[in-house]
Amino acid sequence: MTKDKDNKPNDDVIICTDEAGMQLYLSEKVANRLSWILTGVMILISLPVIILAFMMI
């Protein structure tokens, strides 16, 4: 078996830290997926407010 030259074994790592010193290491791919998931969750949370606003018109 041969390895593809296009595969990168080491992705860029994003490090998130807070005031307490806790650190979270995410690859760029995982951070991108997490941002899309959180965006979808925020849309679902705000959807009832938008629907109610249009029902009041």
Side-chain angles (χ1 to χ4, degrees):
M1 298 184 97
T2 61
K3 292 185 178 181
D4 293 334
K5 291 182 180 180
D6 294 336
N7 291 342
K8 293 191 307 184
N10 295 330
D11 289 335
D12 292 332
V13 175
I14 298 171
I15 302 171
C16 301
T17 59
D18 65 353
E19 301 88 30
M22 301 269 307
Q23 294 183 346
L24 178 64
Y25 296 91
L26 298 173
S27 69
E28 188 175 348
K29 187 175 182 180
V30 171
N32 190 21
R33 286 183 183 171
L34 185 61
S35 68
W36 278 108
I37 290 170
L38 292 177
T39 302
V41 167
M42 291 305 294
I43 289 171
L44 289 176
I45 289 173
S46 63
L47 192 61
V49 175
I50 295 170
I51 291 172
L52 287 174
F54 280 109
M55 288 178 64
M56 297 296 285
I57 295 176

Undergrad: Using the side-chain contact (heavy atoms from CB on, under 4.5 Å) criterion, which residues pair with T17? Sequence neighbours excluded.
TA: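 With neighbours one apart ignored, the set is I15, Q23.
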Undergrad: Which side-chain N or O atoms in residues 40-48 pair as donor and acceptor under 3.5 Å with protein atoms at least two apart or in another chain?
TA:
unit_1, atom_1, unit_2, atom_2, d
S46, OG, M42, O, 3.0
S46, OG, I43, O, 3.3

Undergrad: Output all residues satisfying side-chain contact (heavy atoms from CB on, under 4.5 Å) with L52, sequence neighbours left out; order by chain, then residue number.
TA: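 L52 satisfies side-chain contact (heavy atoms from CB on, under 4.5 Å) with M55 only.
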Undergrad: Would F54 end up clustered with V49 when hydrophobic side chains under 4.5 Å apart are linked, directly or stepwise?
TA: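 In one cluster with F54: V49, no.
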